[in-house]
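Accompanying notes for the structure given below.
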There are 2 protein chains.
Amino acid sequence: MPMKKKRMTGRERKAQIVKAASLLFSKKGFKGTSTREIAKAAGISEATIFKHFSRKDELYSAIIDTCCNDDEGRYHLMKSIEGKEGREFFKGVAAYFIERFDEDPGFARLLMFGALEGRRFTDIFMKSRGMDTVDLLAGHIKGLMRAGVFKRRDPELSARAFLGMVLHYCTAQEIYGFKRFFDRPPRKVAATFVDIFFNGMEKETGP
Amino acid sequence: MPMKKKRMTGRERKAQIVKAASLLFSKKGFKGTSTREIAKAAGISEATIFKHFSRKDELYSAIIDTCCNDDEGRYHLMKSIEGKEGREFFKGVAAYFIERFDEDPGFARLLMFGALEGRRFTDIFMKSRGMDTVDLLAGHIKGLMRAGVFKRRDPELSARAFLGMVLHYCTAQEIYGFKRFFDRPPRKVAATFVDIFFNGMEKETGP
DNA sequence: AATATGTAAGTGAGTACTTACTTACCTTGG
DNA sequence: CCAAGGTAAGTAAGTACTCACTTACATATT
């Protein structure tokens, strides 16, 4: 392994430290992670961390910025629903979250830790991205109500019902460890949830 | 305030320490709480804690025991659904969780912290109480399927769909702070979720 | 082209303080 | 009296953070 050594530009080093920190924070929380560990993970001295970030807390702020200005997630969500209508739209949303959780539970852990430890991180993220997602679903739901497909109901609350099914399932599987004793194929999960939700929202098609 | 002073029996003191500890752990997590704080909260010296519990970790174990051997929660759930059928049964379940979360988010926080910090607590609790609840709902769902009211679907997964709606809503409201910018009357929430779920599970009553 | 200069990147060895946990010693009630 | 309840005063190993200093490199001057 050639392992070319150090001397990065400030920006590179900062990014690298944030990356190492967010990985550790997601695993062990802010309080549970020492600056020493972060330094070791980044392969630098502790002092270097404090050259770039004047307090440990600033690492958290930097993570917020990175995540909130990172549109990759939003982009993927948009990709996985674009052009889709009706049941397919909801399947797209469900599939997106199930996939994301599975490939990177770290981010969800970071959010949870943030919420529990009372940092602003989760607050800011939830208020912007969380509500955005609710509104996105609610918008679609309103459309289906206007089209006479769905019964009229509180659209935001309905959106949260659907998101709740999906997100709680993912959280329980990955973070509470349910997957060790409860497992179903992801496609089946998505299909079942969409089915329950869509049928539940539809107008009765009685005689 | 009369504030009768000290000298409790070992058992009393242990219980008191566990109580203080679990309150603090639920607020700041295991790593985020120092034994000094626990001692202060309990109004005793740090050394006394270690007289009764040989390591900090044992406090966690004691909390597990207390919670798992405490049937109060289960009892209240049973109370709030007893004799109920159909929609009323699900309303009872939803109401139970919404109420519980509202009056004591601390316990949920303890579970979440436990899961994130990788302690056995959450594991044990989820495997027993969590799956019990899924099974309870699934049992009811199976009954409704046999009766021809519900479409045939994976009963456990359906149970998790319903629990997901309710629990994610509660978690988001209380722990992620959604309630500061999203609020609905609890009865409406329960009614809406039950309606979506029940209609979604029902057999089409077509001609 | 070779050299001096200014500065950002990086560090080893601290600091002051907190952590979980101990020791040696009182105090009380049965 | 004496065992159990309780504590003040430790300790070794962390903790976040600082200091005085070295290194690497881009640029300007010779």
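For clarity, every value in this text was computed on a predicted model and none was experimentally measured. In what follows, chains carry the letters A, B, and so on, assigned in the order in which the sequence lines appear, proteins first and then strands, with residues in each chain numbered from 1.
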Query raised in the report: Once you round it to whole Å, what is the distance between C1' of dC25(D) and CD of Glu12(A)?
Result: 14 Å
Query - Pair Asp71(A) + Arg129(A): basic N to acidic O under 4.0 Å - result: yes
Requested in this report: Compare side-chain N and O positions of Arg36(B) against OP1 and OP2 of dA20(C) and report whether any pair is under 4.0 Å apart.
Outcome: no
Query - Length of the CZ-C1' vector between Phe30(B) and dT19(C), whole Å - result: 12 Å
Report summary line: Side-chain atoms of Thr48(A) come closest, of dG6(D), dC21(C), dG10(C), to dG10(C)
Report summary line: Between NZ of Lys40(A) and P of dG14(D) the distance, given in whole Å, is 12 Å
**Report entry** Residue Thr35(B), side-chain atoms from C-beta onward, closest of dT18(D), dA20(C), dT22(C)
**Finding:** dA20(C)
**Report entry** Among dT7(D), dT18(D), dA20(C), the nucleotide that comes nearest once only the side chain of Glu46(B) is considered
**Finding:** dA20(C)
Report summary line: Rounded to whole Å, the CD1-C1' distance (Ile17(B) to dG5(D)) equals 11 Å
Query raised in the report: Looking at the side chain of Ser34(B), which of dA16(D), dT7(D), dA20(C) is the nearest nucleotide?
Result: dA20(C)
Report task. For the pair Arg184(A) and Glu156(B), find out whether any cationic side-chain nitrogen is under 4.0 Å from an anionic carboxylate oxygen. Result -> yes
Query - Rounded distance (nearest 0.5 Å) linking atom CE of Met165(B) with atom CG of Leu163(A) - result: 11.5 Å
Report summary line: From CZ of Arg11(B) across to C1' of dG5(D) the rounded distance in Å is 15 Å
Query - Sole candidate of Glu58(B), Lys51(B), His52(B) that passes side-chain hydrogen bond (donor to acceptor under 3.5 Å, both in side chains) when paired with Ser54(B) - result: Glu58(B)
Report task. Find the distance Lys31(B):NZ to dG14(D):P and express it as a whole number of Å. Result -> 11 Å
Query raised in the report: Would you say His52(A) reaches dA8(C)'s phosphate, i.e. side-chain N/O to OP1/OP2 under 4.0 Å?
Result: no
Requested in this report: State which of dC17(D), dC21(C), dT22(C) makes the closest approach to the side chain of Phe50(A).
Outcome: dC17(D)
Query raised in the report: Using a cut-off of less than 4.0 Å, is there contact between a side-chain N or O of Arg13(B) and OP1 or OP2 of dG5(D)?
Result: no
Query - Proximal nucleotide (of dA16(D), dG12(C), dG10(C)) relative to the Ala47(A) side chain - result: dG12(C)
Query raised in the report: Nearest to the side chain of Ser45(A), which nucleotide is it out of dG12(C), dC21(C), dA8(D)?
Result: dG12(C)
Report summary line: To the nearest angstrom, the NZ-P distance between Lys56(B) and dT18(C) comes to 16 Å
Query raised in the report: If you count the non-hydrogen atoms of other residues, nucleotides and ligands that lie under 6.0 Å from NZ in Lys19(A), is the total more than 12?
Result: no
Query raised in the report: Any idea which of dA16(D), dC21(C), dT7(D) is nearest the Lys51(B) side chain?
Result: dT7(D)
Query raised in the report: Rounded to the Å, how far apart are Ile49(B) CD1 and dT22(C) C1'?
Result: 14 Å
Report summary line: Closest of dG6(D), dA20(C), dT11(C) to the Ile44(A) side chain is dT11(C)
